[in-house]
Amino acid sequence: MTPLPPDELLARLHLEAVLPTLGELPGEWTRAARLTRRGRLDVELRAGRDLATRVRLRDGLLRVAPGGGAPAVRLAWKDHRSFNALLRDERPRRLPRVERGLWRVPMLVRLGRMMAEFSAVMNPPDAALERDAKRARAHVRLALNVLLRALPILAAHDAPTRRALAGGPAGLILLAVPSADYSAWIRLDADAASAGRGDPPAPPDARIIFRDVASAARLLRGALDPATAVGLGWVRIEGALLLADLLDVLLARSDAFLGRPPA
Amino acid sequence: MSDSPRRYAQSAALFARAAAVVPGGIYGHMAPTLMVPGESPYFAARSEGARYWDADGNEFLDFLCGYGPNLLGYGHPEVEEAAARQARDANCLNHPTARFVELAERMTALVDFAAWAVFGKNGADLTTWAIQVAREHTGRKKILRVAGAYHGAHAWCSPGHGGWIEEDRAHIHTFPWNDLDAFRDFVRRHPGEVAGVITTAWHHPNFSPAELPKPGFFAGLVETCRAEGIVFILDDVRSGFRLHHGGSHRFFPGCEPDLAVYCKALANGHPISAAVGRSFLRKAAARVFLTGSYWNSAVPMAAALKTLEVAERDDAVGRIAKLGARFRAGLHAAAARHGIAASLSGHDSMPNWNFADDPNSYRAQAFACEAMRRGVFFHPHHNWFLCAAHTEADIDHAVAVADAVFAAMNSDAVVPAEH
Ligand SMILES: Cc1ncc(COP(=O)(O)O)c(C=O)c1O
């Protein structure tokens, strides 16, 4: 595996970690579920020459994954950076070229509304998270899903992540937010990371358990560093501390790419 | 000392305040993450002898000794009196005081190979300076160190992930503890390039058992160093003056360093570190700039002089060794009684305690939590320390507590505490 230039890596994280999580939005967020009940969507998003994914809605099922014949609509950004600017909500907006299906305006409008809901869950103002328990729960579950997808990509293509993995312990980590009904596992190896939802495939070497949804939300949004969160009791770590410490490095790398800039 | 569950409300409240104004809340080796968060105190309030009281007033019989500085007992009256007397006269001035010379004389008399001594505040001040001296003396770049050993929080050796760049370690290389072949192989492959090798007196990593030097390891290392003109630096920061009044190298046959660094036990908790060296390094030592705002302060030097005097007079080393042997025998017998496979490793004065088949420290964490609830402070991941203020009764009490914890572990009665 090769390290990628930052813009390309970020585009990849957006296409392969963030956007696929959009497919899980209807299951977590009623307003998104309503949007997907009817209608059709088939939009390919293309960043630069080589990276693309495709958002499809059919028979009430939303899926985000690459491939599968010619799309109804193709939106193409000329380079990774301008694509990233869109997902980072940077101004001025860099508009894509509509390479196919320019006339399918309703499809684009539907995608726009879906993305707005996605953003409302993924990047809500802090106050919204504090007072809206449902949104906080969806936020935590989806943000963790993004992380599960991002870690293998970083492990493959981010030089600092690869250096940390090579020098750190290997092992299996359980990640749980019991009050959000969420559990997942992350496996770190010397040159790769893998992750999945549900129970770990073997007894975990370390367990990382979030006290509640609010704590997990604050931590995931970088409101506090993990060491402080542990001291405050927001997170419990048991077992192989060095493994948890290594995950902390990877979380920092993920945050460096996907996190919000510090206030 | 009660057996009731401990409550850490004050610790938690202080930590919450710290979290607002200190990155990480508490950073470094005292960070809650390295203990069992929520199940141990975060803040201390008072100490005496081999005991301390945390911010909530919980009393602990202590087997961590402030991570090593407590050699004679917290607040040792003679050391504190010497420090207080010195403080009345002078501490941090425009010049060093006579204590500076007296302590250098004392160190060079105490450590058999030492022709000179210098002082800093912390261990890493002088482990870092020591490798500079090795480079200055040899005109070479490369430093060998043992993988997994701790030498401080500086860029060349910090175990942390942040704040250093690859170039900081471009000439820092590791070899496995006790692996003389690997050491020699590296030297052979880099002729005339290795300035120094730095090791501790034995390998005492966190999370795993300690390993004493294999017979012939130090002798072989020294032989190669002498043949190749490599400076052998002994990092005796943690263990110095706990095993032997003349430094830990005296305890291990064949361990003949050119330069040694001391810190923790030197002044029984007052801030000072020292490096001593052979005469051939004197010129290089004089050329490597060495200083700090407080490095010549007189109070810690007075405390160090008194600590060394009392330790020798009262045979602190002999006393700790005897207590350590009692502790080892007691703990091993208790574990065996409960069919628990666990053992002490390393030197009895600062042993590691590890359970068999516990690569992730789950059992070590459960053990430490339960012991803390019963008022005995055992660190789950770091080596422990004994001090001269421990009594046989303290050791027996600690063993009895361990015995009760083993019983609880066997009966699955170990449950997480409420914070
Ligand atoms: C063996 C060893 N070397 C060096 C150091 C660094 O000393 P300090 O933390 O005082 O800088 C330590 C500290 O624990 C140590 O144990």
Side-chain angles (χ1 to χ4, degrees), chain A residues 3 158-174 178 188 200 202-212 215 218-219 222-253 255-256 262, chain B residues 8-9 11-28 30-43 147-148 159-162 164-166 169 174 205-208 357-366 368-369 379-382 414 416-419:
Chain A
D158 176 48
T161 300
R162 292 181 64 71
R163 196 178 55 203
L165 284 173
L172 185 62
I173 300 167
L174 162 75
L188 303 181
D205 299 297
R207 294 193 281 254
I208 300 177
I209 297 155
F210 293 88
R211 184 179 64 186
D212 50 36
S215 311
R218 275 183 236 138
L219 194 64
L224 208 57
D225 63 282
T228 308
V230 168
L232 289 171
W234 294 6
V235 193
R236 224 180 132 78
I237 299 180
E238 298 162 351
L241 296 191
L242 292 179
L243 194 59
D245 187 42
L246 179 60
L247 181 63
D248 182 21
V249 179
L250 271 56
L251 294 184
R253 289 309 297 162
D255 200 46
Chain B
Y8 300 117
S11 266
L14 281 169
F15 190 87
R17 282 167 57 193
V21 288
V22 180
I26 302 173
Y27 39 78
M30 296 185 187
T33 37
L34 292 180
M35 286 290 303
V36 182
E39 310 250 352
S40 62
Y42 297 165
F43 290 90
H161 298 282
W164 54 271
I165 54 175
E166 278 154 8
R169 301 181 181 187
T174 60
N206 289 344
F207 306 105
S208 2
D357 306 322
D358 188 32
N360 298 319
S361 310
Y362 284 122
R363 304 197 85 199
Q365 289 159 10
C369 288
H379 198 293
H381 310 117
H382 191 280
V414 176
E418 291 166 46
H419 200 281

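The shown structure was predicted, so the numbers you read here are calculated from the model rather than taken from an experiment. Chain naming here is simple, since letters A, B, ... match the order of the sequence lines and numbering starts at 1 in each.
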Completion exercise
One should read off an interatomic distance between A/Leu232 CG and B/Phe15 CZ, to the nearest 0.5 angstrom, of 5.0 Å

Problem - Spacing of CG belonging to A/Asp248 relative to OG1 belonging to B/Thr33, to within rounding of 0.5 Å - result: 9.0 Å

Handout entry: A/Val230 to B/Pro37 - nearest heavy-atom pair and separation
Key = CG1-CG, 3.2 Å

Problem - Part of B/Ala31 within contact of chain A (heavy atom distance under 4.5 Å) - result: neither

Exercise for the section: Check whether B/Tyr27 gets within reach of chain A through its side chain, its backbone, both or neither, counting any heavy atom under 4.5 Å. Expected result: neither

Exercise for the section: May I ask you to decide if A/Ala240's main-chain N or O and B/Tyr362's side chain share a donor-acceptor pair within less than 3.5 Å? Expected result: no

Exercise for the section: Verify, without hydrogens or angle tests, whether B/Gln365 (side chain) and A/Glu238 (backbone) share a donor-acceptor contact under 3.5 angstrom. Expected result: no

Heavy-atom proximity to chain B below 4.5 Å, by part of [X]:
| X | value |
| --- | --- |
| A/Asp205 | both |
| A/Arg163 | side chain |
| A/Val249 | side chain |

Practice task
Determine whether the side chains of A/Asp245 and B/His161 contain a donor N or O and an acceptor N or O closer than 3.5 Å.
Solution key: yes

Problem - Most contacts with chain B, counted as non-hydrogen pairs under 4.5 angstrom, among A/Ala206, A/Ala164, A/Gly233 - result: A/Ala206

